[in-house]
Number of protein chains: 2
Amino acid sequence: MNIRHLTFRLLQVYVAVVRSGSVSEAARQLHLTQPTVSQQLKRLAETLGEPLLESRQGRLVPTEAGTELYRASREVLGRFSDLDDYLEALRGGERGRFSIALVNTAQYVLPRLLGPYSCAFPEVDVTVHIGNRRQMLTRFERQEDDLYVFSHPPSLAHALAGRFLRNPLVAVAPREHRLAGREGIVMAELLEERFLLREPGSATRMLFESWLQEQGLSLGPTLQMASNEAIRVGVAAGMGVALLSEHVLPPEHSDLVILPVAGLPIESHWQFIVRRDRRLSHAALGFLRFAEGHLQECVESRFISNELGGLLGRLEEGGAAPSA
Amino acid sequence: MNIRHLTFRLLQVYVAVVRSGSVSEAARQLHLTQPTVSQQLKRLAETLGEPLLESRQGRLVPTEAGTELYRASREVLGRFSDLDDYLEALRGGERGRFSIALVNTAQYVLPRLLGPYSCAFPEVDVTVHIGNRRQMLTRFERQEDDLYVFSHPPSLAHALAGRFLRNPLVAVAPREHRLAGREGIVMAELLEERFLLREPGSATRMLFESWLQEQGLSLGPTLQMASNEAIRVGVAAGMGVALLSEHVLPPEHSDLVILPVAGLPIESHWQFIVRRDRRLSHAALGFLRFAEGHLQECVESRFISNELGGLLGRLEEGGAAPSA
DNA sequence: CGCCGATATAGATGATTACCTATACTGCAT
DNA sequence: ATGCAGTATAGGTAATCATCTATATCGGCG
């Protein structure tokens, strides 16, 4: 049997004939003419090298070989119909996988989106990578993930971006700090304090340092800790003051105060970044759509800055054509 | 996804590419050029409406959709490879089914062939129909079986025949019969006795009657019994005499004697009959081949008259071309 | 016997496939 | 930058497919 020229269509026709026990009837069902079906059957029988049907009291019944072919055909067609369903689900973003890379600070917010999303699309496998800005940039260069969350995007030459959340950096101090409760603080005053800083390579630190440079200011004594949590706890314990994303602070923070320093908060926005040269998985696209639609249910409204519509629009245009 | 133009060949190519992780390598394995394979992949991806492969550090790896297609392809190709094996077995006569119709008398011999055959080909389903000549002729007209065993074939217009066994009809009498031990008996003497006869429609009876007619003889008193066994036992019990196939007599028959009547035994031959208009199943053909080869091991040699070679020869010529 | 429905065969045609050769592109290693 | 191996694209061609219409054949049935 030479399998090469066997088409699924041929099997479909054959199955219809066996089911109806008649060439003419099958032809009607398939919207073909009777000779077409006859000829297909003939070709199929030649391919298999065996007679498939014989006429018994006016009805076509499969031979031994034909019966087995019928079984095989049904299994095979069924298998591909399942595959079709699977692809349909993939395309709809109901199933599949994607990975997303977050800068550290964003891990305080993204679960609010990812949680409801996973409940809505339980068949999608999500992998979340977290690290500081520098680490995430490396992943970005290597095209290791479908989505990235940065507050300042890398070169947009190879990427599209869409803002979705404000990320204000505020000055925090222990509740009993000497400046606590004061109005009109200026940063110069604060710089006399010991600052708890994230490591170089952190986005928070980068933002802070470039802001200071703009203002023509420079840091006094510092202490470096590679985690927002550690810094927050450190500040509460009186180790010093710090600039932190507001998202890092718990809703109730009785042991910390936000100092109203002039020029603060430093405003930045988190954005989803998508590489333009890598095809975006349907699942990731589905997540972006979900994020656009459900942001206000998941995050306090004062942080929201939903510009995902634009990103989605640009993705639909450019990224729809499938290519091997 | 439009399944219509999907060929198994395409899946074979795809599987080879996924396996080797390279278009060029797959092309080499398949004895195709690289562009051919590339183009097939492209077409496959278009058919499925999804990208299937992406290049990861120099190796082509399947996407989500591609992985699922790979699975489906392997299952489907495997299924058809199994089908191929099955057909191969069918063709070789190692598997399948056939039915054979025997005239009553032949049931005393055919199991000697069918038994060893079934042991040699346990995957073949054999159905045996037994009845008198008239009943078997009806089955023959209706083309109900693959093989028939007659001593005198019906019209050979639609059939081929091959003799394989002598079927001598001998006169039997009870051991203490007045003619037992006598030489040179003539049938006229015997006809005075009561004859136990098979029913009209039986081959044995038909043979006997036409023989009598040729000899210009006619029967005296008769008693009719629709079974060879019943007649044999009846004769032994002194109910009369009879003409029976020698095959009906047990190897040791102390209660019966065969009378050496002039002109007896009536010689006839059993033959396998095959309809010419019905395709012979591979299994039935296999059985005929088996019979030809193993006859002498299964039946006492004095009965053998193996002309099956000729029948097989004629079958090979005419019946080899498969047609739907 | 002749008709009827079902099936098979013949012959035609545009679309598609399965390949090829030649060439252009691309990413990585030197 | 330059090659090189791998991949994609372009363009061509013979084979084949899918499908049709028209016609022949067959198997029953009244």
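Every chain is numbered from 1 and lettered A, B, ... according to where its sequence line falls, protein lines coming before strand lines. These values consider heavy atoms only, across backbone and side chains, with no hydrogens, waters or symmetry-generated copies.
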(message) Distance check, rounded to the nearest 0.5 Å: Thr36(A) atom OG1 versus His31(A) atom NE2?
(response) 13.5 Å
(request) Scan side-chain atoms only and decide if Glu64(B) and His282(A) contain a donor-acceptor pair under the 3.5 Å cut-off. (result) no
(request) Specify the closest pair of heavy atoms between Leu90(B) and Gly96(B), including all atoms of both residues, with the distance to one decimal. (result) CD2-CA, 3.8 Å
(request) State the CD-CG distance between Glu50(A) and Leu87(B), to the nearest 0.5 angstrom. (result) 6.0 Å
(request) Would you indicate whether Arg139(B), at its atom CZ, is surrounded by more than 12 heavy atoms from other residues, nucleotides or ligands within a distance under 6.0 Å? (result) yes
(request) For Leu30(A) and dC20(D), give me the distance from atom CG to atom P, rounded to whole Å. (result) 11 Å
(request) Scan Asp146(A), Leu280(A), Leu288(A), Leu285(A) and name whichever one has a side-chain contact (heavy atoms from CB on, under 4.5 Å) with Phe98(A). (result) Asp146(A)
Pairwise N/O distances under 3.5 Å, protein to nucleotides 4-7 of chain C:
unit_1	atom_1	unit_2	atom_2	d
dT7(C)	OP2	Ser22(A)	OG	3.4
dT7(C)	OP2	Val23(A)	N	3.3
dT7(C)	OP2	Ser24(A)	N	2.9
dT7(C)	OP2	Ser24(A)	OG	2.8

(request) Please work out whether the ring planes of Phe272(A) and Phe287(A) are parallel, tilted or perpendicular, with thresholds of 30° and 60°. (result) perpendicular
(request) Using only side-chain N and O atoms of His5(B), determine if any of them is under 4.0 Å from OP1 or OP2 of dC17(D). (result) no
(message) Taking the side chain as everything from C-beta on, heavy atoms only, tell me whether Phe80(B) gets closer than 4.5 Å to Leu11(A).
(response) yes
(message) With a 4.0 Å cut-off on N to O distance, would you call Glu25(A) and Arg28(A) a salt bridge?
(response) yes
(message) If you compare every side-chain N and O of Thr33(A) against the phosphate oxygens of dT19(D) (OP1, OP2), does one of them come in below 4.0 Å?
(response) no
(request) Report the distance from atom CD of Glu54(B) to atom P of dG27(C), rounded to the nearest whole Å. (result) 14 Å
(request) In whole angstrom, give the distance that lies between atom CD of Gln40(B) and atom C1' of dT16(C). (result) 12 Å
(request) Check the distance between dT17(C)'s C1' and Leu10(A)'s CG and give it to me in whole angstrom. (result) 15 Å
All N/O pairs under 3.5 Å across the protein-nucleotides 10-13 of chain C interface:
none

(request) May I have the distance from Leu52(A) (atom CG) to dA8(C) (atom P), rounded to whole angstrom? (result) 12 Å
(request) Starting at atom CD of Glu46(A), determine the distance to atom P of dA8(C), rounded to an integer number of angstrom. (result) 13 Å
(message) Please report the distance, rounded to the nearest Å, between CD in Gln12(B) and P in dC19(C).
(response) 10 Å
